[in-house]
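Along the sequence shown, residues carry numbers from 1.
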Amino acid sequence: EVYHDTVGANCGALEMDFAIDKTGAVASDQAAGYAEFGAWIDSCYGTDIGHTSMMGMNSGNSQLDLKITDSGKEFDRVMVQEDLMNGQRVRAFDIMVNGNKVVSSTAVGYK
């Protein structure tokens, strides 16, 4: 939950208790914990079941449809990102599922 409330909420960073010894090595038990955490993140976000592109969208476009390519696949997370090459352009967004608003938020950013 901490990960989703920080990085997932566009905080951009999650500070972890990351200690290295005098030789620059990480203790094996800590390394295993970080690997487990990375595997958990990968299990949440590692497989795309649908995607779209905002290429060509401008201020006149206000809706973007996501097509799920793996029909029948259940999911409980949606990752929204924007290309920041031209600065932050998305100021607010809603996520609708079958006509029902499930999320309303601001500032997308790039994870």
Mind checking what makes salt bridge (Lys or Arg N to Asp or Glu O under 4.0 Å) contact with D42, not counting sequence neighbours?
-> none
Which residues pass the side chain to side chain donor-acceptor pair (under 3.5 Å) test with S104, sequence neighbours left out?
-> D94
Excluding sequence neighbours, so at least two apart, what forms side chain to side chain contact (heavy atoms under 4.5 Å, CB included) with S28?
-> none
Can you sort out the partners of F93 under ring-ring contact (aromatic ring centres under 6.0 Å, His included), two or more places apart, ordered by chain and number?
-> none
Name all residues meeting the side chain to side chain contact (heavy atoms under 4.5 Å, CB included) criterion together with A27; count only those two or more places apart in sequence or in a different chain, and write none if there are none.
-> D29, Q30
Partner set under side chain to side chain contact (heavy atoms under 4.5 Å, CB included) for K22, not counting sequence neighbours | none
Residues passing the side chain to side chain contact (heavy atoms under 4.5 Å, CB included) test with T23, sequence neighbours excluded, are D21, A25
